[in-house]
S.K.: 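Structure in C-alpha cells, see below.
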Amino acid sequence: MSDLRVRFAPSPTGYLHIGGARTALFNYLLAKKEQGIFVLRIEDTDLERSTQESVDAILQAMDWLGLSYDEGPFYQSERSKLYMSKIDQLLAEGKAYRCYCTPEELEAKREAAQQNGTKPRYDGTCRNRSDQPDAPCVIRFKTPLEGATSFVDRIKGTISVDNAELDDLIIARTDGSPTYNFVVVIDDAEMGMTLVLRGDDHINNTVRQIPIYQALGYPVPEFGHVPMILGSDKKRLSKRHGATSVMAYQELGFLPEAMVNYLVRLGWSFGDEEIFSMAELIEKFSLENVGRSAGVFNPEKLLWLNSHYIKEKTPEQLAELTAPFIENLSLSIAGGPDLARVVKSLQERAKTLVELAEGAEFFYRAIPDYNPDDCAKFITSAQLELFSRLRALFSSADDFSAVPLKEAFSALLEELGLGFGKGAQPLRVAMTGSRGGPDLFELVEILGRERVLQRIDSALERIS
RNA sequence: GUCCCUAUCGUCUAGCCUGGCCCAGGACACCGGCCUUUCACGCCGGCGACGGGGGUUCGAAUCCCCCUGGGGACGCCA
C-alpha cells in the first residue's frame with residue numbers, strides 16, 4: 001500500500017472518448033500498480049451542459065473497459081458550499097477581488113490584444129479598485145505578477161512559465177458559481193491527490209492552478225501530462241476521424257481487452273512487447289515509459305489486436321459475446337446450430353464480433369443468401385449429377401461428422417473424375433451461398449444432416 | 001499573434017539520460033512467397049525513418065544552438 005492517490009475527472013457533457021479513456025486507464029494502472037487509490041470525480045460545474053445520460057455513459061464505458069475506482073464518483077455540483085467558503089477565504093485574505101468588467105468589455109480587450117500581437121490577458125482593471133459597488137461582478141484570483149511558476153512534470157520534465165504570462169483568472173461567475181480551474185484545485189487538494197495525471201492540454205491550466213494551491217495553503221501535488229491523441233491528419237482526434245466514443249467501438253464489435261491494449265500502447269511501451277493483459281499492465285506500467293509527443297490513432301492496429309483477442313477466447317465465451325450481434329442481424333440462434341461450434345469455425349477469420357456475426361449468418365438462415373456470381377459459376381446444370389450423388393451420400397452417411405464425410409466425398413469425386421476443388425466449391429456455395437468461409441466439412445458437420453440436405457435440395461431447385 | 005509542449009519507417013514505437021554494440025530493432029499496414037477445397041489464420045521474406053543547418057567529439061539518432069514542422073493553451077467551457 002502506497003500513499004499514491006490519483007483520479008479521473010471527466011465532465012459529463014458527452015460520451016467517454018478515446019482520449020479520456022486513455023487518461024483514465026493510465027491513472028487506473030498506476031493506482032493498481034502502486035496499490036494506491038483511484039478516485040472518480042464528475043466535473044459537473046457547468047450545469048448547462050452536464051447531463052445524467054453522460055454520467056451514465058461514462059460509467060458504463062469505464063465498466064466495460066474494466067476500470068474500477070476505489071472512491072467516488074464524487075459530484076462537484078454537490079460540493080458548492082466548500083467552494084464558496086474558499087472563495088470567501090481568498091476574498092477576506094485579499095487574495096482575490098471583485099471584477100466589474102462586463103463580458104463585452106472583456107471581449108473588446110481580447111480583440112485589442114490579438115490585434116496587438118500579444119496574448120489576450122485580463123489587464124487587471126479591477127484589481128486595485130477601492131470601491132465595491134453593489135453591482136454584478138465576478139471574482140478573480142490575484143495571480144502573482146512577478147517571478148515564474150514551474151513544476152516538474154512526471155512525463156515531460158520541468159515546465160516553467162513566467163507569471164507575467166498569466167492573468168487574474170475568474171474563480172466565480174456573476175451568478176456566484178465557481179469555475180473549473182478553481183474547483184479542480186480544491187477538489188484535488190481536499191481529496192488528497194498526490195499526483196494529477198491528465199491530458200497535456202491542461203499544462204496551461206496547471207501553471208494557473210499552482211498559485212491557487214499556494215494561496216489556499218494546500219500542498220501542491222505532483223503532475224503528469226499525457227500527450228494528446230491525434231487523427232490520421234495529425235489534427236486533434238474528432239468525429240471527422242471516425243468513432244471517438246469508447247462505447248461506439250463496443251458496438252462495432254471490439255473487445256475491451258483490445259481497446260485497453262491498444263490505448264496503452266499508444267504513447268507507452270515496454271521494450272518490443274505488444275500484447276498485454278490488464279494484469280501484465282498493472283505489473284509493467286510506469287510513467288517513465290510514457291512518450292512525450294502526441295500520437296496518431298490507428299484503427300488498423302486496434303483491429304489487429306481485436307482479432308488477436310478474438311482468437312484467444314474460448315468458443316463458449318465468444319458465443320456469448322457474439323450472440324447479441326447475431327440477433328442484431330434479425331436472426332434467431334435458437335433452433336439453429338450450436339453457436340459455440342459456429343464461432344469456433346469462424347474465430348480465426350474475424351477481426352470483430354460484427355464480422356463474426358456476419359460470418360455466422362448462413363448458419364442461421366433457412367436457405368443462405370446466394371451470391372449470384374458464385375451461383376452462376378458453381379450451381380449449374382454441370383453440377384447436377386454431383387449434387388444428386390451428394391444428396392444420396394449425405395442422406396445415407398452413418399456418421400455425419402467431418403472426417404468420414406470428407407473421405408466419402410473424396411471417394412465420390414474420384415469416381416466422378418473430379419478434382420477436389422471442382423467438387424468442393426459447388427458444395428460450399430450450396431451450403432453457404434458464396435465462396436469463402438470456414439472449413440467445408442467442419443461447417444457441414446455443424447449444419448447437420450437435415451440442413452445440409454435442405455440446402456442441396458435448394459441448389460438442385462436452382463439448377464432446374 | 002503570444003506563451004507552453006513536442007520531433008526515429010505511412011502509423012505506434014525501441015534506442016537518447018549513461019555518445020561507439022545502430023549503414024537504427026520490433027509491431028500495424030503494404031508487397032511477395034509458402035501452406036491450402038475457398039476466405040482467412042499461420043509461417044518466411046521484402047519495402048520503409050534518425051526533419052534541416054550549424055557546432056562539440058577520434059566518433060552523434062544519442063550532447064549544445066538555431067531553423068522548420070506538428071500539437072496545445074490563450075472562455076463568466078471543462
Side-chain angles (χ1 to χ4, degrees), chain A residues 9-13 43-46 48-50 76 99 101-103 106-107 110 113-121 136-140 153 155-157 159-162 164-167 169-177 179-181 183-184 199-208 225 227-228 230 232 234-236 262 265-275 289 291-305 307 311 346-351 359 374 406 409-410 413 419-429 432 434-441:
Chain A
S11 56
T13 54
E43 313 234 303
D44 55 351
T45 51
D46 185 350
E48 296 280 296
R49 298 196 299 152
S50 300
Q76 290 185 324
C99 171
C101 299
T102 65
L106 296 174
E107 185 52 37
R110 262 194 291 277
Q114 290 276 17
Q115 305 265 318
N116 249 329
T118 57
K119 188 194 265 192
R121 305 166 42 244
C137 64
V138 298
I139 310 294
R140 283 185 188 271
D153 190 282
I155 292 170
K156 310 235 185 199
I159 292 175
S160 182
V161 175
D162 285 344
E165 293 294 333
L166 277 22
D167 63 358
L169 83 182
I170 293 173
I171 57 178
R173 305 182 181 94
T174 307
D175 66 2
S177 62
T179 59
Y180 168 77
N181 273 111
V183 300
V184 161
D200 76 5
D201 49 340
H202 282 286
I203 287 182
N204 296 278
N205 286 331
T206 298
V207 291
R208 289 156 74 88
H225 292 93
M228 299 277 88
L230 275 24
S232 50
K234 298 267 181 115
K235 300 287 180 207
R236 194 179 190 152
Y262 178 71
R265 272 292 284 108
L266 211 194
W268 173 86
S269 60
F270 192 81
D272 285 340
E273 292 181 42
E274 294 288 348
I275 305 292
N289 296 320
R292 287 168 301 172
S293 55
V296 173
F297 183 76
N298 180 355
E300 301 286 340
K301 192 152 185 179
L302 209 209
L303 222 37
W304 171 73
L305 282 163
S307 63
K311 284 179 211 121
L346 262 6
Q347 199 163 11
E348 55 190 24
R349 274 162 250 270
K351 286 184 156 63
D374 294 342
K406 186 172 182 178
F409 178 74
S410 300
L413 290 184
F420 198 90
K422 278 280 189 207
Q425 285 299 72
L427 176 57
R428 170 179 295 284
V429 174
T432 71
S434 63
R435 291 182 272 183
D439 177 84
L440 183 54
F441 285 92

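Here is how names work: the chains are called A, B, and so on, in the same order as the sequence lines, proteins then strands, and each is numbered from 1. Just so it is clear, the model here is predicted, and its values are computed rather than measured.
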S.K.: Roughly how many Å apart are B:A61 and B:G54, using the P atom of each and rounding to a whole number?
M.R.: 14 Å

S.K.: Which residues pass the side chain to side chain donor-acceptor pair (under 3.5 Å) test with A:K301, not counting sequence neighbours?
M.R.: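 Only A:E274 meet the side chain to side chain donor-acceptor pair (under 3.5 Å) criterion with A:K301.
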
S.K.: Determine the interatomic distance between P on B:G46 and the same-named atom on B:C3; round to the nearest Å.
M.R.: 49 Å

S.K.: Go through the structure and list residues passing side chain to side chain donor-acceptor pair (under 3.5 Å) with A:S232, not counting sequence neighbours.
M.R.: none

S.K.: When you compare B:C58 with B:C22, how far apart are their P atoms, in angstrom units rounded to a whole number?
M.R.: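 My reading of the P atoms in B:C58 and B:C22 gives 23 Å.
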
S.K.: Is there a donor-acceptor pair closer than 3.5 Å between any side-chain N or O of A:Y262 and the backbone N or O of A:N298?
M.R.: yes

S.K.: Quick one about A:N181 and A:T179 (side-chain donor to acceptor, distance below 3.5 Å, no hydrogens or angles considered), yes or no?
M.R.: no

S.K.: Take the protein atom CG of A:N298 and the nucleotide atom P of B:A29, then report the distance between them rounded to whole Å.
M.R.: 9 Å

S.K.: Using Watson-Crick or G-U wobble geometry with both distances below 3.5 Å, tell me the partner of B:A73, or none.
M.R.: B:U2

S.K.: Regarding A:E274, tell me which of base, sugar-phosphate or nothing describes its non-hydrogen contacts under 4.0 Å with the strands shown.
M.R.: base

S.K.: C1' atom, B:G52 versus B:G69: distance in rounded Å?
M.R.: 10 Å

S.K.: Determine yes or no for a side-chain-to-main-chain donor-acceptor pair under 3.5 angstrom, with A:T206 supplying the side chain and A:H202 the backbone.
M.R.: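 Yes, A:T206 side chain to A:H202 backbone: donor-acceptor pair under 3.5 Å.
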
S.K.: Spell out protein contact along nucleotides 70-78 of chain B as letters: B when the base is contacted, S when just the sugar-phosphate is, - when no protein heavy atom is under 4.0 Å; keep the 5' to 3' order.
M.R.: SSBSBSBBB

S.K.: Can you list everything that forms a ring pair (Phe, Tyr, Trp, His ring centres under 6.0 Å) with A:F409? Sequence neighbours excluded, please.
M.R.: A:F420, A:F441

S.K.: Could you tell me the separation between the CG atom of A:L266 and the C1' atom of B:C28, rounded to a whole number of Å?
M.R.: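 Roughly 12 Å, once rounded to whole Å.
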
S.K.: Would you say the side-chain atoms of A:R428 pair up with the backbone N or O of A:D439, donor to acceptor, closer than 3.5 Å?
M.R.: no

S.K.: Measure from the side-chain heavy atoms of A:S269 and tell me the nearest of B:A14, B:A27, B:C28.
M.R.: B:A14

S.K.: When you compare B:C12 with B:U57, how far apart are their C1' atoms, in angstrom units rounded to a whole number?
M.R.: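 It comes out at 34 Å once rounded to the nearest Å.
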
S.K.: Quote, to the nearest angstrom, the P distance that separates B:G70 from B:U18.
M.R.: 32 Å

S.K.: Let me have a per-nucleotide readout for nucleotides 33-47 of chain B, 5' to 3', with B, S or -, counting only protein heavy atoms under 4.0 Å.
M.R.: ----BBBBSS-----

S.K.: Strictly by Watson-Crick or wobble contacts shorter than 3.5 Å, is anything paired with B:A7, and which nucleotide is it?
M.R.: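 Pairing partner, where one exists within any strand: B:U68.
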
S.K.: Please report the distance, rounded to the nearest Å, between CD in A:E273 and C1' in B:C12.
M.R.: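 In whole Å, B:C12 C1' lies 15 Å from A:E273 CD.
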
S.K.: Measure from the side-chain N and O atoms of A:D44 to the backbone N and O of A:Q76, and report whether any donor-acceptor pair falls under 3.5 Å.
M.R.: yes

S.K.: Hey, is the main chain of A:A164 close enough, under 3.5 Å, to the side chain of A:D162 for a donor-acceptor pair?
M.R.: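 No, A:D162 side chain to A:A164 backbone: no donor-acceptor pair under 3.5 Å.
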
S.K.: Need one value for A:G267: base, sugar-phosphate or nothing, where a base atom within 4.0 Å counts as base even if backbone is also close, heavy atoms only.
M.R.: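 Answer is sugar-phosphate: A:G267 comes under 4.0 Å of backbone atoms only.
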
S.K.: From CZ of A:F270 over to C1' of B:G15, roughly how many Å is that when rounded to an integer?
M.R.: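 In whole Å, B:G15 C1' and A:F270 CZ are 15 Å from each other.
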
S.K.: Spell out, as yes or no, whether a donor-acceptor pair under 3.5 Å connects the side chain of A:D153 to the backbone of A:H225.
M.R.: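 Flag set: sc A:D153 to bb A:H225 pair under 3.5 Å.
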
S.K.: In Watson-Crick or G-U wobble terms, both distances under 3.5 Å, what is the partner of B:U62?
M.R.: none

S.K.: Who passes side chain to side chain donor-acceptor pair (under 3.5 Å) against A:D201, sequence neighbours left out?
M.R.: A:R236

S.K.: Identify whether the glycosidic angle of B:C41 places it syn (within 90° of 0) or anti.
M.R.: syn

S.K.: Nearest heavy atom decides the nucleotide; on that basis, is A:R265 or A:S160 closer to the 5' end of RNA chain B?
M.R.: A:S160

S.K.: Check every strand shown and say whether A:R292 touches a base, only sugar-phosphate, or nothing at a heavy-atom separation below 4.0 Å.
M.R.: sugar-phosphate

S.K.: Pairing check on B:C47: which nucleotide meets the Watson-Crick or G-U wobble criteria with it, both distances under 3.5 Å?
M.R.: none

S.K.: Between B:C5 and B:C64, how far apart are the P atoms? Round to whole Å, please.
M.R.: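 Going atom to atom, P in each nucleotide, I get 15 Å.
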
S.K.: Quote, to the nearest angstrom, the C1' distance that separates B:G53 from B:A14.
M.R.: 27 Å

S.K.: Atom CG of A:L303 to atom C1' of B:A27: distance rounded to whole Å?
M.R.: 15 Å

S.K.: In Watson-Crick or G-U wobble terms, both distances under 3.5 Å, what is the partner of B:A40?
M.R.: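 Pairing partner: none.
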
